[in-house]
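Because only heavy atoms are used, hydrogens play no part in the values below, and waters and symmetry mates are left out as well, while side chains stay in.
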Amino acid sequence: TQGVKTIVWFEPERVHPDTWLPENHPEWILGGKAGGLLNQGNPEALKWLIEHINQLITAQGIDVYREDFNMDPLGHWRGNDTEDRQGITENHHVVGHLAYFDSIIKQHPGIWIDSCASGGRRLDLETMRRAVPLWRTDYRLDTTGTQSHSYGLSFWVPLSGTGTGVFTAYDFRSNMVPFLNCIWDMRDKNADYDLMRRMAREFRQVAHYYWGDYYPLTPYSTASNAWMAWQFDKPEIGEGMVQVFRRQDSFYLGCQFKLSGLDPAARYEVKNLDTPGKAVMTGEELMQKGLKVLIENQPGAVIIVYKKVS
């Protein structure tokens, strides 16, 4: 009644010893009775997996299928191939795994598949056609790391997720991605909950811009004295946002960023979400002269939104 949906965590490929699968079908396991990797290149194993998991999804009313993969499969694949056939078992396994995902999508229209895969280990094109990584890396809750991941992934992966874990605006904004998990210790009575409520409202306000065109505005850098910035633009509605980060050791107070994808003849209303008031600039000004951004805090982060007004 509250509109809450269920996400259930599976890990079908990693098989432990002394469990049902290796005891009853060791021939399906690359590793046999000792456990190992469920060989999805084996037609019988794949058929069993498809039927078993799809029955569970139906019976339990699962809305999001989340798949983890906390093992290294390469040794199992290579160990099953002769020297002149290396790669064959891997190929068959991957084809089977994609067919398994296809069966879930076909039998459960509207279901989401989360390809967590031990934190971003399946960010390949075929998987991304079928699934989204709601947890894109296990290197998380690090502001510089997440900024750097977002900078690079946004070229290729439009939807991904990570988490924010500290009660500060800089941490929250550094970890803002299309799917944002709030990993907060709600037992902390001294945390700034008013700030976090404001950050959560802010995220809802700008989240749809992640569907837009992506433009990096600075070079890539992991340096502690760097600035990092990018733009998401939705030309169909004439709106977008700019995210800017001043890292902790930067001695620059401001930067000027030339935006992209705008209508040079149009006028845009520009607003920093941290300050009152709005400015109006032409698309030509924003693209040729640039958008001036000042950040006094070290580290500090701002979000600037814009929309076409004429």
Side-chain angles (χ1 to χ4, degrees), residues 143 146-147 150-151 154-155 158-159 162 164 166-180 182 192-219 221 226-248 250-310:
T143 53
T146 303
Q147 292 168 21
S150 293
Y151 185 106
S154 296
F155 286 105
L159 298 176
T162 190
T164 179
V166 182
F167 290 88
T168 69
Y170 183 74
D171 182 90
F172 189 96
R173 288 173 172 172
S174 293
N175 288 288
M176 278 178 58
V177 296
F179 298 108
L180 177 62
C182 296
D192 191 342
Y193 289 100
D194 286 337
L195 172 65
M196 291 302 98
R197 292 185 188 98
R198 181 166 67 85
M199 291 291 101
R201 288 193 298 268
E202 180 179 282
F203 173 73
R204 294 189 180 99
Q205 177 184 345
V206 303
H208 67 287
Y209 293 133
Y210 287 112
W211 291 103
D213 298 331
Y214 169 68
Y215 300 98
L217 301 177
T218 62
S221 177
W227 282 57
M228 188 81 92
W230 53 73
Q231 171 193 2
F232 284 95
D233 180 70
K234 297 186 75 174
E236 67 276 12
I237 61 173
E239 297 183 18
M241 72 169 171
V242 176
Q243 293 179 262
V244 186
F245 307 94
R246 180 192 185 189
R247 294 188 181 148
Q248 63 270 23
S250 172
F251 46 78
Y252 295 109
L253 181 63
C255 289
Q256 197 149 333
F257 303 102
K258 294 182 178 180
L259 305 191
S260 297
L262 307 183
D263 180 351
R267 296 168 68 247
Y268 290 85
E269 186 178 83
V270 181
K271 178 172 176 54
N272 184 324
L273 295 185
D274 287 335
T275 59
K278 303 172 183 177
V280 176
M281 301 177 66
T282 67
E284 183 176 15
E285 288 176 317
L286 289 167
M287 292 190 292
Q288 297 300 322
K289 293 177 61 177
L291 176 67
K292 185 182 294 184
V293 178
L294 302 178
I295 301 179
E296 294 185 358
N297 294 331
Q298 292 176 265
V302 301
I303 296 178
I304 296 170
V305 296
Y306 60 85
K307 64 179 180 179
K308 185 188 293 187
V309 292
S310 63

Peer 1: Between CD of Q243 and CH2 of W230, what distance do you get to the nearest 0.5 Å?
Peer 2: 5.5 Å
Peer 1: Carefully, step by step, assess T143 and V166 under the rule side-chain contact (heavy atoms from CB on, under 4.5 Å).
Peer 2: CA-CA 10 Å; T143 53; V166 182; over 6 Å; no
Peer 1: More than 12 heavy atoms of other residues, nucleotides or ligands under 6.0 Å from CD of E296: is that the case?
Peer 2: no
Peer 1: Using 0.5 Å steps for rounding, measure from the CG atom of L259 to the CG atom of L217.
Peer 2: 6.0 Å
Peer 1: Take the angle between the ring planes of F257 and W227 and call it parallel below 30°, perpendicular above 60°, tilted in between.
Peer 2: tilted
Peer 1: Counting only heavy atoms not in K271, do more than 12 fall under 6.0 Å of its NZ?
Peer 2: yes
Peer 1: Could you work out, with salt bridge (charged side-chain N to carboxylate O under 4.0 Å, His left out) as the rule, every residue matching R173, not counting sequence neighbours?
Peer 2: E202, D274
Peer 1: Could you state the interatomic distance from CG (D194) to CE (M199), rounded to the nearest 0.5 Å?
Peer 2: 11.5 Å
Peer 1: Side chains of V242 and V293, heavy atoms from C-beta outward: is any pair under 4.5 Å?
Peer 2: no
Peer 1: Closest approach of M281 and G290, non-hydrogen atoms and distance?
Peer 2: CE-O, 3.8 Å
Peer 1: Counting only N and O atoms by type, is there a donor-acceptor contact under 3.5 Å from the side chain of E239 to the main-chain atoms of V305?
Peer 2: no
Peer 1: Should L273 and M241 be marked as a side-chain contact (heavy atoms from CB on, under 4.5 Å) after you check the CA-CA gap, both sets of side-chain angles, and the distance that decides it?
Peer 2: CA-CA 10 Å; L273 295 185; M241 72 169 171; over 6 Å; no
Peer 1: Over all heavy atoms of both residues, which pair between F245 and A301 is shortest? Give the atoms and the distance, please.
Peer 2: CD2-CB, 3.6 Å
Peer 1: Between Y252 and I295, is there a side-chain heavy-atom distance shorter than 4.5 Å?
Peer 2: no
Peer 1: Might you point out which heavy atoms bring R246 and F251 nearest each other, and give the distance in Å?
Peer 2: NH2-C, 3.9 Å
Peer 1: Looking only at heavy atoms, which two atoms of R267 and V280 are closest? And how far apart?
Peer 2: NH2-CG1, 3.4 Å
Peer 1: Taking the side chain as C-beta and beyond, is there a heavy-atom pair between T164 and C182 under 4.5 Å?
Peer 2: yes
Peer 1: Only one of I304, V244, L262 clears side-chain contact (heavy atoms from CB on, under 4.5 Å) with Q231; which?
Peer 2: L262
Peer 1: Rounded to the nearest 0.5 Å, what separation is found between the CD1 atom of I237 and the OH atom of Y209?
Peer 2: 6.0 Å
Peer 1: Let me confirm one number: the CG-CE distance from D171 to M196, rounded to the nearest 0.5 Å.
Peer 2: 8.0 Å
Peer 1: Do Y210 and M176 make a side-chain contact, defined as non-hydrogen atoms from C-beta onward lying under 4.5 Å apart?
Peer 2: yes
Peer 1: Is a donor on one side and an acceptor on the other found under 3.5 Å between the side chain of T218 and the backbone of A229?
Peer 2: yes
Peer 1: Which atoms form the tightest heavy-atom contact between P178 and F203, and what is the distance?
Peer 2: O-CZ, 3.6 Å
Peer 1: Which word best sums up how the rings of Y214 and Y151 line up, parallel for under 30°, tilted for 30 to 60°, or perpendicular for over 60°?
Peer 2: perpendicular
Peer 1: What's the spacing between T146 OG1 and M228 CE if we round to 0.5 Å?
Peer 2: 11.0 Å
Peer 1: Under a 3.5 Å cutoff, is there a donor and acceptor pairing between the side chains of Y306 and D233?
Peer 2: yes
Peer 1: Could you check R247 against Y170 for side-chain contact (heavy atoms from CB on, under 4.5 Å), going step by step and ending with a plain yes or no?
Peer 2: CA-CA 10 Å; R247 294 188 181 148; Y170 183 74; 3.7 Å; yes
